[in-house]
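Only one structure is covered here, and it is reproduced in the block below.
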Amino acid sequence: MAVSITDHAPGTADAGAELPATTLREMFRCMVLARALDERMWLLNRAGKAPFVISCQGHEAAQVGAAFALTRGKDVTLPYYRGLATVLVMGMTPEEVMLALFARATDPNSGGRQMPAHYSSRRLKIITQSSPVGTQIPHAAGVGLAEKIKGGDAVVWTSFGEGTTSQGDFHEGINLAAVHRLPVIFQCENNEYAISVPQHQQMAVRSVADRGPAYGIPGISVDGTDVLAVYEVTRRAVERARRGDGPTLIEARVVRLTAHSSDDNDRTYRSPRELQSTRRSDPIARFAAYLHEHDLLSEAEERELRAQVAAEVDAATEAAERAPLPEPESLLNHVYAQS
Amino acid sequence: MAVSITDHAPGTADAGAELPATTLREMFRCMVLARALDERMWLLNRAGKAPFVISCQGHEAAQVGAAFALTRGKDVTLPYYRGLATVLVMGMTPEEVMLALFARATDPNSGGRQMPAHYSSRRLKIITQSSPVGTQIPHAAGVGLAEKIKGGDAVVWTSFGEGTTSQGDFHEGINLAAVHRLPVIFQCENNEYAISVPQHQQMAVRSVADRGPAYGIPGISVDGTDVLAVYEVTRRAVERARRGDGPTLIEARVVRLTAHSSDDNDRTYRSPRELQSTRRSDPIARFAAYLHEHDLLSEAEERELRAQVAAEVDAATEAAERAPLPEPESLLNHVYAQS
Amino acid sequence: MPEINLLEAIRQAIDEMMAQDERIFVFGEDVGRRGGVFRVTEGLIDKYGPMRIIDSPLAESVIVGACVGAAMNDTRPIAEIQFADFIAPAFNQIVQEAARIHYRSNGDWTVPMVIRAPWGGGIHGALYHSQSIEATFAHVPGLKVVAPATPYDAKGLLKSAIEDPNPVLFLEHKKTYRLIKGQVPEHDYRVPIGPADIKRPGEDLSVFAYGLMLHYCLEAAQALAAEGVSVEVVDLRTLRPLDVATIIGSVRRTSKALIVHEDNLTGGFGGEVAALIAEHAFEQLDAPVLRIGGPDVPAMPFAKPLEDAFMPSPQKIAAAMRRLAAY
Amino acid sequence: MPEINLLEAIRQAIDEMMAQDERIFVFGEDVGRRGGVFRVTEGLIDKYGPMRIIDSPLAESVIVGACVGAAMNDTRPIAEIQFADFIAPAFNQIVQEAARIHYRSNGDWTVPMVIRAPWGGGIHGALYHSQSIEATFAHVPGLKVVAPATPYDAKGLLKSAIEDPNPVLFLEHKKTYRLIKGQVPEHDYRVPIGPADIKRPGEDLSVFAYGLMLHYCLEAAQALAAEGVSVEVVDLRTLRPLDVATIIGSVRRTSKALIVHEDNLTGGFGGEVAALIAEHAFEQLDAPVLRIGGPDVPAMPFAKPLEDAFMPSPQKIAAAMRRLAAY
Ligand SMILES: Cc1ncc(C[n+]2csc(CCOP(=O)(O)OP(=O)(O)O)c2C)c(N)n1
Ligand SMILES: Cc1ncc(C[n+]2csc(CCOP(=O)(O)OP(=O)(O)O)c2C)c(N)n1
Ligand SMILES: [Mg+2]
Ligand SMILES: [Mg+2]
């Protein structure tokens, strides 16, 4: 049965109450950092310095809430191209993100081979992502299968958009994980669009969480602009997975605050009024308000945090810009691994 | 919400009451004919006259019940390789079936190009099937899409096994049909095995019908050994489709009375006891008992019907055996259609 | 004759055909309101409505698979694959279904459909928005594969493809969309599927190419002309069925052959062309048959220096021409 | 040395490797209790249990895709595709994922996995249980493709494939499973991925083949020997990476080349081999490079006369050898 966590499960306040203030502030910092990096990337794109940007804006709470429920260095993530905030929480540095944007030789994601936002780091257990959507879902099931075969207790977490749920790989991957009760969390970040295609042309259900029961697993729909609500449902899914009870499908309802990517112009298919109203669901503003309200962060502290983040983004950008481009000859490297 | 028709919907008696006795007897005849043809094919296989057989045995009620709810010459079917009874109802002759078994040049299904049981007839609106399982499901959606574009009111019916529901094409095809409310009926004939793999290693749900709600369409589970119950749920699904209300997913719970195919030996993975108990669910015995009980068919009439059917099978076999094999040069025909 | 770019030629072909034939519809991701990510179908939804310009779910197997079914129910689908790279999930439906249905039904069923796919690199597309896919599909009997290089050919071939009773994979090189302009007549015309086209006649050596590489070859041939070498440049245009007669005829005249494509060299389409020449023009050959292709790496990287290193350039092509001429 | 058939050689390779390395597991349809539809994995579930011999759901994309994930989590998956024809739904996971992961991660991640697939015809398998798939996959950089023809090679190559840090597509010709027997040493050995093997040395012409066709070529070569023609038969064994040096070396010695495969001719793997010869052995060539392949029809039909008409036969191969010898 699909469950809408915001309907009758602990909301923001309850989850927030359990987390220490430092953690809450750290969550906020990650969200702000993701946003600041993302905004900087657009500026660099407009300035002709980065040919392609694809955004995390509007998805930060869904990603930070989820990633904080995982164990860094142990759990495995397979985040899709909007997963900037995810990878920051899992340990990627702003400089590493910028190295990918500028396609530098030292970019740990791909050495400048892939478009930006195709995250990867073996050290951080972030599994390399491709562009064809949904292929990571069977991979996630397979990582979980291996974990079960090895008798380990790492949890696997993967993310994708609601449009991607139309792919066969979504179905095949979740089904396998369900059959073998694999320790995998499938997070669908539902921003209601696949480029220009609205959700109702993608599926005839209101919530992606309605698909959990089709696989015999829980399907949870959560307000993905509420970082603590996402944290809470993910925490439970992690517990369930580590216990050996199998996968969970989580739909985080988010907003896409930008065009699909720097190659898109969403004014051709979204009305000004819709674009306007989307802005009102900004997850960062929402969490900031919560923190202020609960005296967990003062206005001054927020200003300082934002200043620090801006400096970090400046430094990352500068360092990455200085880094060398790949040598043409390196084109031929790594076609095959050597034994 | 998945509905189990046998739980709280009209069962055999109710549906049977609405149908004229001649129709009921014709349904029975189709089932008996399918069985007789199928059994003959195994004999021919054992005699070295047919290299390959794949059976309909145990699925007859599910297919005959469904096909009788369709309109011959108007509705389009895409039956999978167990669909012998389906195609008989839709108008294929026993001789045409035998021509495919013997791979004769005049086989209307494929001219001896495909294995037997890969049904096709443009005249009968039976769309050509391949061996890769599940590919017909997107086709069915597409036939329905075209029907909607053209403004026609034909219904599209396709069948497949429960193992096939694990394929991405199952998901993608049903989802498309659901989004556009296409007039398509998806019949899963669940015999609990995909060759040797039992249902619980294929999915973590008890019924394939549980997957309807994941697409926002009805998922109905019906006792597929009860021809009238299947007729009834299909009749409703046809009405729904013709009304423009969209697709239905029907799970017909059936038994596989044979090995997977003539290349299989199911004693390696089914216990003697299980094989025994399967026999007790023979849909033909069940329907015979019903007809006798309701005085719709006497023992003598049944004997006569069976004798007629046997004669028909003999004649079909002989005619097909006499038919010529394809000429070697015809190998090169029909690679491309000429405009 | 007005001059238009290749993208407009394609849009015109779709538009003019749809205006004439109600059975034609377009099915693909973002083809509706968005007009496609390259804007090929821009404006068509206003003209033909959402029942004929249909935004598909994000699932290539059902994009193709549903069009296969629709084609068998008396419509004429044009499937759009957003980037050729994303055709991979539809491989099964294309190869096992679309291409085999006429044959397997002994000619009973036909699948008149077009699959449009923007392919090729040089546009910062990185590993997954730059791929060449022709070798994989040109190997498939039952499928036709077309890869035009000019607006004239694109428009005429697309109309032929839409009218063809067989499944046709129609490859549109992304970099040529706006880069390549050319004159296109205002009247209705067709370019037949099949025949290659000698875009530049020459005597000293024959070069075979298609898509963007055709233009690079023409550029190189121009450079060689200045050096006194006369290069014949043959635009293959249709890769399946391949115009073997024109290929062999050209090499029999010039005695030397070079094949150029962007796709990885090994197992690329050039192998087939070279093999045909090595068998059927052997007696006339005066030099080794040369091929230029992308290097054998999984695909074209994002970083500019790597993308540049991957792409065969007019310079590299000219160098091979010189080698052949001097042989 | 005991004589066993090719199927047993493969089973032994899996068994011996699994006994040594706990990370290895088998994943595919019916591989468990049923032991696979060809019985390759028969008995292994009793030895290694259902956590290492795993019946997969009926879904090839996730069979391969899950193995890709598992390979990145320190296991060594062996995926079984029940028939090579059914690899089509996994095309995306093989080509876009398995083969590109090492490259796209700049060498950070590796995908050590094997995909076993029974291929080829001549067994009444009809259009969808007879296909040859090597051309499609041998074109893919990042993937290795192996197609052994003898029990010795099959066992040695499969062990190498399992140990290889890259994805390896391992093609087992169905008709050779029980037909082809050969001596296999009892000790542990490997046949390296890469080198071709001259199965029969000769002087007058070179023939290149793999799988069942290798045996047909040997049979034809035997017939030609009686006629005084000395044919060199080269077993390519590994199709990617291809042993270009052995191919070119052989043709430089014999000056004539024939390539034989079962797959459709046009765009088949023979094109690549012919192209290499036409470029790199041009000076030594004394005759056209010939190819024999299946006809360009969508696949091999069921009816015996059609299947026979499709399959290249030892007679047809011998005829081409004679043509070449007489040239
Ligand atoms: C297989 C495949 N088809 C098409 C694309 C092109 N494409 C890239 S992103 C995208 C939309 C994805 O939508 P969704 O899954 O909802 O994720 P979102 O971008 O909205 O977060 C499309 C169609 C692709 N990357 N892969
Ligand atoms: C794509 C694909 N993979 C594998 C096979 C081999 N195969 C043929 S039938 C079958 C089992 C099908 O099971 P199910 O869908 O339950 O149908 P049933 O035969 O039980 O009626 C398998 C694995 C195939 N035909 N197609
Ligand atoms: Mg989305
Ligand atoms: Mg079944």
Side-chain angles (χ1 to χ4, degrees), chain A residues 50-52 100-105 107 110-116 118 129-135 160-171 193-198 200-204 260-261 263-266 268-270 324-336, chain C residues 28-39 41-43 45 50 54-63 65 81-93 123-131 264 266 294-311:
Chain A
F52 183 76
L101 184 77
F102 295 130
R104 293 315 201 233
D107 155 32
S110 80
R113 289 174 169 197
Q114 294 220 75
M115 286 180 149
H118 288 60
Q129 296 304 296
S130 66
S131 309
V133 301
T135 51
F160 45 86
E162 88 295 342
T164 298
T165 67
S166 297
Q167 287 283 349
D169 269 1
F170 164 85
H171 174 71
Y193 281 97
I195 307 185
S196 71
V197 180
H200 67 86
Q201 279 189 270
Q202 204 71 242
M203 64 189 81
H260 172 73
S261 74
D263 287 343
D264 184 34
N265 172 5
D266 56 350
T268 58
Y269 53 87
R270 297 214 271 193
L325 281 163
E327 292 298 329
E329 310 76 56
S330 71
L331 175 71
L332 303 178
N333 297 345
H334 305 305
V335 177
Y336 291 98
Chain C
E29 295 152 12
D30 303 287
V31 297
R33 193 54 53 211
R34 178 71 170 76
V37 295
F38 293 100
R39 310 278 183 206
T41 54
E42 193 162 30
I45 195 170
I54 310 173
D55 276 333
S56 72
L58 176 33
E60 286 74 10
S61 186
V62 82
I63 291 176
I81 300 293
Q82 199 160 78
F83 284 82
D85 317 59
F86 305 141
I87 208 166
F91 180 82
N92 191 35
Q93 284 287 352
I123 49 97
H124 287 308
L127 303 182
Y128 294 103
H129 297 77
S130 306
Q131 293 176 27
N264 309 125
T266 299
D296 283 328
V297 304
M300 192 179 306
F302 185 59
K304 188 79 169 59
L306 299 181
E307 185 180 85
D308 290 346
F310 184 102
M311 287 294 273

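Basis for what follows: all heavy atoms, side chains included, without hydrogens, waters or symmetry-related copies. Chain A is the first sequence line, chain B the second, and so forth, proteins listed ahead of strands; every chain is numbered from 1.
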Chain A contacts, top residue of Ala126(C), Ser56(C), Pro57(C) (heavy-atom pairs, under 4.5 Å) |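 Result: the option with the highest number of such pairs is Pro57(C).
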Practice task
List for me each residue that meets side-chain contact (heavy atoms from CB on, under 4.5 Å) alongside Asp308(C), sequence neighbours excluded, and say none if there are none.
Solution key: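 Here the qualifying residues are Lys304(C).
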Over all heavy atoms of both residues, which pair between Pro301(C) and Glu307(C) is shortest? Give the atoms and the distance, please.
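Distance-wise, the nearest heavy atoms are O-CB, 3.6 Å.
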By a 4.5 Å heavy-atom criterion (distance strictly below it), what part of [X] contacts chain A: side chain, backbone, both, or neither?
X        : result
Asp85(C) : neither
Glu42(C) : neither
Val37(C) : side chain

In terms of heavy-atom pairs under 4.5 Å with chain C, which of [options] leads?
options                                    : answer
Val133(A), Asp266(A), Val197(A), Thr164(A) : Val197(A)
Pro326(A), Ser131(A), Gly112(A)            : Ser131(A)
Ala194(A), Ala105(A), Gly163(A), Ser110(A) : Gly163(A)
Gly168(A), Ala103(A), Pro116(A), Ser196(A) : Ser196(A)

Practice problem: Would you check if the side chain of Arg104(A) reaches a backbone N or O of Phe102(A) as a donor-acceptor pair within less than 3.5 Å? | Solution: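 Yes, Arg104(A) side chain to Phe102(A) backbone: donor-acceptor pair under 3.5 Å.
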| said: Would you say that Leu58(C) contacts Gln202(A) through its side chain, given a criterion of any heavy-atom pair below 4.5 Å between the two side chains? | reply: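 They are in side-chain contact.
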Legend entry - 4.5 Å side-chain heavy-atom contact, Met300(C) and Leu127(C):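 Counting from C-beta outward, Met300(C) and Leu127(C) never come under 4.5 Å.
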What pairs with Tyr269(A) under side chain to side chain donor-acceptor pair (under 3.5 Å), at least two apart in sequence or on another chain?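 For Tyr269(A), the residues satisfying side chain to side chain donor-acceptor pair (under 3.5 Å) (neighbours in sequence not counted) are Arg256(A), Asp264(A).
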request  = Can you tell which part of Glu327(A) gets under 4.5 Å to a heavy atom of chain C, answering side chain, backbone, both or neither?
outcome  =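 When you check distances to chain C, only backbone atoms of Glu327(A) fall under 4.5 Å.
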Considering only heavy atoms, which portion of Pro51(A) lies under 4.5 Å from any heavy atom of chain C: side chain, backbone, both, or neither?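 Side chain only.
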query: Is it true that the side chains of Asp169(A) and Thr135(A) contain a donor and an acceptor less than 3.5 Å apart?
result: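 Per modelled atom types, Asp169(A) and Thr135(A) side chains form no pair under 3.5 Å.
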